[in-house]
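The next block holds one structure in the form of structure tokens; read it before the comments.
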Amino acid sequence: MMVDILTLFPEMFSGPFDASIIKRAREKGIIEINLINIRDFSRNKHRTVDDTPYGGGAGMVMAAEPLFEALDWIRAHRGVPDRVILLCPAGRTFNQRVAAELSRVKHLVLICGHYEGIDERVAEHLVTDEISIGDYVLTGGELPAMVVVDAVCRLVPGVLGERASALEESFNDGLLEYPHYTRPREYRGYRVPEVLLSGHHEQIRLWRRRQSLLRTLASRPDLLAGANLTDEDRKILASVMEEIKSLI
Ligand code: 4HQ
């Protein structure tokens, strides 16, 4: 997968994209992330990329020209991208389903905005998708772009290793994860649940699934509606309900 990121602050990306799993995926050539400085596509002598808003008002507006020029350059040198994504609060809210959808394409372009806004002609004629990472206001689209790229890239085959990705798709799908433990079996008097030390694989599997269901029910009941529940899950939830009924 190729990801081109258009930004005024390419240096902001060096930490997150040069460490851990994303770093390894880039080194292996599974993903290619290019940081493109929008300022390089300014055509005026001071290399400005913003201007005062037509109609008046406070603040500056990011001009259309450098972004259109940057996209021309991308199309000429790397081909026509599958998606041109603008990070903005008005976009559809990013989630795992959107991440999975984006992980199946070959070439993404992400546009990180700054200032009060971007000339509307960019959203109208350049952008294919507007994405928000949540209802809060940030200073720029760089952090949202990092969030989107991280979540999308870990779903690209080979990035996590085949074992982990297969597991993710078939298994915990739509539910919160079960709790994890490692050695020692007792720390400051806090013990690891006995079943995990028992070696009974079927009991362990059932316990973990029940924990996933309980955690989802307790912390994120909204996720249950969209989860891929099996007959076994429904049985587990029904027994949880019976237990609750016996308490009240
Ligand atoms: N922005 N999810 C960029 C956001 C945002 C978000 C505000 C986008 C500032 C310049 N983007 N502008 N939340 O807060 O995507």
Side-chain angles (χ1 to χ4, degrees), residues 1-41 49 62 64-114 117-134 138 140-162 164-165 168-169:
M1 165 179 286
M2 187 186 294
V3 184
D4 294 324
I5 301 173
L6 298 179
T7 172
L8 289 169
F9 302 99
E11 68 278 8
M12 282 181 71
F13 293 83
S14 17
F17 290 169
D18 294 324
S20 186
I21 290 166
I22 302 299
K23 174 188 177 161
R24 207 181 48 217
R26 292 177 81 179
E27 285 170 353
K28 283 205 236 163
I30 304 169
I31 56 171
E32 180 181 339
I33 301 174
N34 304 301
L35 294 159
I36 299 172
N37 195 334
I38 297 165
R39 202 171 293 284
D40 291 343
F41 295 89
V49 291
M62 234 163 119
E65 185 184 63
L67 290 166
F68 274 80
E69 292 285 332
L71 255 298
D72 285 347
W73 184 90
I74 288 171
R75 286 189 209 99
H77 291 85
R78 313 207 200 283
V80 179
D82 297 292
R83 307 285 188 93
V84 179
I85 296 163
L86 177 65
L87 289 314
C88 64
R92 69 169 161 155
T93 307
F94 191 62
N95 60 25
Q96 195 61 24
R97 189 165 31 77
V98 178
E101 179 191 319
L102 295 178
S103 74
R104 288 189 283 270
V105 310
K106 291 186 77 71
H107 185 185
L108 296 175
V109 173
L110 276 68
I111 300 176
C112 307
H114 257 272
I118 303 184
D119 189 302
E120 189 60 21
R121 290 167 288 191
V122 171
E124 273 179 348
H125 304 293
L126 217 47
V127 165
T128 63
D129 297 70
E130 297 183 30
I131 291 178
S132 164
I133 63 160
L138 300 166
E142 281 77 15
L143 287 166
M146 290 178 215
V147 168
V148 168
V149 170
D150 189 87
V152 168
C153 285
R154 67 182 286 287
L155 297 177
V156 172
V159 169
L160 290 187
E162 304 306 332
S165 59
E168 164 146 64
E169 283 191 11

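Keep in mind the model is a prediction, meaning the values are calculated, not measured. Position 1 is the first residue of the sequence; numbering continues from there.
Of all non-hydrogen atoms in P81 and L71, the two that sit nearest each other are CG-CD1, 4.3 Å. When all heavy atoms of H107 and D4 are compared, the closest pair comes out as NE2-OD2, 2.8 Å. I38 and C112 make their closest contact through CD1-O, 4.0 Å (heavy atoms, listed as atom of the first residue, atom of the second, distance). Considering every non-hydrogen atom in both A123 and L86, the closest pair reads CB-CD2, 4.3 Å. Shown here for S132 and G91, the closest heavy-atom pair between the two residues is CB-O, 3.7 Å. Residues G158 and I30 share a closest heavy-atom pair of O-CD1, 3.4 Å.
Side-chain contact between M12 and T7 is absent, with no heavy atoms from C-beta onward closer than 4.5 Å. Proximity of F94 to V152: side-chain heavy atoms (C-beta onward) are separated by under 4.5 Å at one or more points. Between R78 and W73 there is a side-chain heavy-atom pair separated by less than 4.5 Å. Taking 4.5 Å as the limit, some side-chain heavy atom of E27 sits within range of a side-chain heavy atom of K23.
Using a distance-only test at 3.5 Å, with no hydrogens or angles considered, no donor-acceptor pair links the side chain of H125 to the main chain of R121. With D82 contributing its side chain and L108 its backbone, the two residues share no donor-acceptor pair below 3.5 Å.
Across L138, I111, I131, a single residue satisfies side-chain contact (heavy atoms from CB on, under 4.5 Å) together with L87, and that is I131. Of the listed residues (I36, V148, I33), just one forms a side-chain contact (heavy atoms from CB on, under 4.5 Å) with I5, and that residue is I33.
In terms of the side-chain contact (heavy atoms from CB on, under 4.5 Å) criterion, residue partners of A90 (sequence neighbours excluded) are, by chain and number, C88, E130.
To the nearest 0.5 Å, atom CD of residue E120 and atom CD1 of residue I118 are 9.5 Å apart. To the nearest 0.5 Å, atoms CG (D150) and CZ (F17) are separated by 7.0 Å. Put simply, CG on L6 and CG on N34 are 10.5 Å apart, with the number rounded to the nearest 0.5 Å. Note: M62 CE to L67 CG = 4.5 Å, rounded to the nearest 0.5 Å.
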Q96/L155 under side chain to side chain contact (heavy atoms under 4.5 Å, CB included): CA gap, chis, key distance, verdict: CA-CA 10 Å; Q96 195 61 24; L155 297 177; 3.4 Å; yes
Test log, rule side chain to side chain contact (heavy atoms under 4.5 Å, CB included), inputs V122 and F68: CA-CA 7 Å; V122 171; F68 274 80; 4.1 Å; yes
From CA spacing to verdict: side chain to side chain contact (heavy atoms under 4.5 Å, CB included), M146, E142: CA-CA 6 Å; M146 290 178 215; E142 281 77 15; 4.3 Å; yes
Pair R92-V98, side chain to side chain contact (heavy atoms under 4.5 Å, CB included): steps then yes or no: CA-CA 9 Å; R92 69 169 161 155; V98 178; 3.8 Å; yes
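Summarising the local packing, NZ of K106 is surrounded by 12 or fewer heavy atoms from other residues, nucleotides or ligands at distances under 6.0 Å.
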